S.K.: 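One structure, as structure tokens, below. Some questions next.
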Amino acid sequence: MARKIGSRYTAHQILGRGSAGTVWLGEGPEGPVAIKLLREDLASDQELVGRFVQERTALLGLEHPHVVSVRDLVVDGNDLALVMDLVRGTDLRTRLDRDRRLAPEAAVAIAADIADGLAAAHAAGVVHRDVKPENVLLDMQGPLGPGGSHRALLTDFGVAKLIDTPRRTKATKIIGTPDYLAPEIVEGLPPRASVDIYALATVLYELLAGFTPFGGGHPGAVLRRHVTETVVPLPGIPDELWQLLVQCLAKAPASRLRASELGARLRELLPMLAGMPPLEVDEPDTEQSEETGREEQPAGPAPAGRQVRRRGAVPLVPGAKPADSNRDTHTSMRVPAPDELAGGAHGTARAPRAPGAPRPGSARNRAVARRRRVALGAGAVVLAAAVGVGAWLSSSGDDTDPPPQDTKNSAPQTP
């Protein structure tokens, strides 16, 4: 059913949903548009509406070939909406759901497009704060790029900042999607342009591997990994690309590249990636321990009745339908205390191990170690008993006299 949005726009059908609102296919004075209609509870927040209007100039002035432009902002009764360019295509999450991972050339080309869009935004003083596959659109009508990639455009600029008002989120809260949050956000520092670089590097890792470097399991565990763990190398990619990923996933914001530098470096790598097939990487699973609540790495198929989650983006909206859960935009989480961040396992997030082997330090690993110690102890008892019985049988079954004592090598007898 069509509905009016302000006096100039009509929304015809829903294109997608997220935790911040609903995207509609709409019509305006200049033709088809996409209308992101924010939730009614957001529209009723007068402080947020004021901020929405204040951000109007910055959002409307951001134009770039790799950014979905905002044409208008509508504040009308309970309607709070962003009117944007309509991109004929799909989002990057849908592409990943279909293909799981991309060939390196296509993945790097998409990341380079997003880096270029971020460079323009950062130059205008705008930080996206929520870079993830759901917020990357692929233009299916334009010409194909390197590796058969479609032109990528970054959308939802300003939405995270709009929702993150002082009254809605205190200093102890963070806004974002756990898998893509930079360590400094987890530690409660204000987001700068470098947080977008970290998130984009995480997206590129996911495009190559099929899973995020620190994702999976409870959001709190994901946040801790961002701060305490280092990323594990991906086999089969050129060292130049890996070093670029490592630099942009650095814990220290100052160590990361600027968006313009990242885009240029990624495009320089495209020729060496031509023709490379998608990587063969085993995606780890995450299993929640019923006793400790900690995550484990199960070996083999999951036992009946146990829930196993693939390590990837964490669904954030309780009760969301599967079709909508991958469109989640934001969640509000408590910033972990220093002792909580330091309490996790240090080292690499995915240390290489033999197929089927438990993750070092996990509850399952400790249980296996305990069973091994018990088995070794029982084996030692059985072995000792067997040796004793064997000696008894040997001595009782021997009818000959014992050999004479060698007086030269024996100790002198005490009278």
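Sequential numbering from 1 along the given sequence is applied to the chain's residues. Keep in mind that this is a model prediction, so the values were computed, not measured.
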S.K.: With heavy-atom distances below 4.5 Å as the criterion, would you say the side chains of Asn135 and Asp130 are in contact?
M.R.: yes
S.K.: One thing to verify: whether Asp99 and Arg101 come together as a salt bridge, which I'm taking to mean a side-chain N less than 4.0 angstrom from a carboxylate O.
M.R.: no
S.K.: Looking only at heavy atoms, which two atoms of Ala109 and Ser149 are closest? And how far apart?
M.R.: CB-OG, 3.5 Å
S.K.: Side chains of Glu30 and Arg71: does their closest heavy-atom pair fall under 4.5 Å?
M.R.: yes
S.K.: Before you tell me yes or no, could you show the steps for Lys36 and Asp156 under salt bridge (charged side-chain N to carboxylate O under 4.0 Å, His left out), namely the whole-Å CA-CA distance, both residues' side-chain angles and the distance that decides it to 0.1 Å?
M.R.: CA-CA 9 Å; Lys36 187 176 186 71; Asp156 266 7; 3.4 Å; yes
S.K.: Given the rule in the side chain to side chain contact (heavy atoms under 4.5 Å, CB included) test, do Leu80 and Leu37 qualify, once you have shown the distances and angles that lead to the verdict?
M.R.: CA-CA 6 Å; Leu80 192 61; Leu37 188 64; 6.0 Å; no
S.K.: Would you say the side chain of Ile197 lies within less than 4.5 Å of the side chain of Leu262, judging by non-hydrogen atoms?
M.R.: yes
S.K.: Quick test of your reading: applying ring pair (Phe, Tyr, Trp, His ring centres under 6.0 Å), list the pairs with at least one residue in residues 222-260, sequence neighbours left out, ordered by first then second residue.
M.R.: Tyr198-His226, Phe214-His226
S.K.: I need the minimum non-hydrogen distance between Ile5 and Ala11, along with the two atoms involved.
M.R.: CG1-CB, 4.0 Å
S.K.: Show the nearest heavy-atom pair for residues Ala152 and Ile110, with the distance to one decimal.
M.R.: CB-CG2, 3.8 Å
S.K.: Hey, is the main chain of Leu207 close enough, under 3.5 Å, to the side chain of Arg100 for a donor-acceptor pair?
M.R.: no
S.K.: Under 4.0 Å between a Lys/Arg side-chain N and an Asp/Glu carboxylate O for Arg129 and Asp196?
M.R.: no
S.K.: Step by step, would you call Glu105 with Leu270 a side chain to side chain contact (heavy atoms under 4.5 Å, CB included)?
M.R.: CA-CA 6 Å; Glu105 185 181 12; Leu270 286 173; 4.1 Å; yes
S.K.: Determine, step by step, whether His66 and Ile114 satisfy the side chain to side chain contact (heavy atoms under 4.5 Å, CB included) criterion, reporting the C-alpha distance in whole Å, the side-chain angles of both residues, the deciding distance to 0.1 Å, and the verdict.
M.R.: CA-CA 6 Å; His66 296 295; Ile114 300 308; 5.6 Å; no
S.K.: Considering only heavy atoms from C-beta outward, does the side chain of Leu92 approach that of Glu134 to under 4.5 Å?
M.R.: no
S.K.: Taking all heavy atoms of Thr10 and all of Ala2, pick out the closest pair and write down the distance.
M.R.: CG2-CB, 3.9 Å
S.K.: Checking Thr177 side chain against Tyr180 main chain: does a donor-acceptor pair fall under 3.5 Å?
M.R.: no
S.K.: Quick one: pull up CG in Leu249 and OG1 in Thr202 and give me the separation to the nearest 0.5 Å.
M.R.: 5.0 Å
S.K.: Checking Gln243 side chain against Glu240 main chain: does a donor-acceptor pair fall under 3.5 Å?
M.R.: no
S.K.: Could you tell me if the side chain of Leu208 sits less than 4.5 Å from the side chain of Pro104, heavy atoms only?
M.R.: yes
S.K.: Roughly how far apart are Glu206 CD and Leu102 CG, rounded to 0.5 Å?
M.R.: 9.5 Å
S.K.: At what distance, to the nearest 0.5 angstrom, does CG of Leu82 lie from CG of Leu73?
M.R.: 4.5 Å
S.K.: The test is side chain to side chain contact (heavy atoms under 4.5 Å, CB included); show your working for Gln141 and Arg88 and say whether it passes.
M.R.: CA-CA 6 Å; Gln141 292 191 326; Arg88 301 287 186 178; 3.3 Å; yes
S.K.: A side-chain contact here means heavy atoms from C-beta on lying under 4.5 Å apart; do Thr155 and Val136 qualify?
M.R.: no
S.K.: Could you check whether any side-chain N or O of Arg151 sits under 3.5 Å from a backbone N or O of Pro65, counting only pairs where one atom can act as donor and the other as acceptor?
M.R.: yes
S.K.: Could you tell me if the side chain of Leu62 sits less than 4.5 Å from the side chain of Val70, heavy atoms only?
M.R.: no
S.K.: Any salt bridge linking Glu187 with Lys251? Criterion: basic side-chain nitrogen under 4.0 Å from a carboxylate oxygen.
M.R.: no
S.K.: Within a strict 4.5 Å, meaning less than it, do heavy atoms of the Val68 and Val87 side chains meet?
M.R.: yes
S.K.: Checking side-chain polar atoms at under 3.5 Å, does Thr94 have a donor or acceptor matched by the opposite partner on Asp97?
M.R.: no
S.K.: If you round to the nearest 0.5 Å, how far is CD1 of Ile185 from OG of Ser194?
M.R.: 8.5 Å
S.K.: Please round to the nearest 0.5 Å and tell me the distance separating atom CG of Leu15 and atom OG1 of Thr22.
M.R.: 10.5 Å
S.K.: Between Arg267 and Asp113, is there a salt bridge with N-O shorter than 4.0 Å?
M.R.: yes
S.K.: I'd like to know if the side chain of Arg95 and the backbone of Thr90 have a donor-acceptor N/O pair within less than 3.5 Å.
M.R.: no
S.K.: If you look at every heavy atom in Ala34 and Val23, which pair is closest and at what distance?
M.R.: CB-CG1, 4.4 Å
S.K.: How far apart are the closest heavy atoms of Ala81 and Ile35, and which atoms are they?
M.R.: CB-CG2, 3.9 Å
S.K.: Please report the C-alpha distance between Glu184 and Arg256 in whole Å, then the side-chain angles of each, then the deciding distance to 0.1 Å, and finally whether the salt bridge (charged side-chain N to carboxylate O under 4.0 Å, His left out) criterion is met.
M.R.: CA-CA 13 Å; Glu184 60 268 29; Arg256 301 172 203 150; 2.8 Å; yes
S.K.: Once you round to the nearest 0.5 Å, how far does CE of Met276 lie from CD1 of Ile237?
M.R.: 7.5 Å
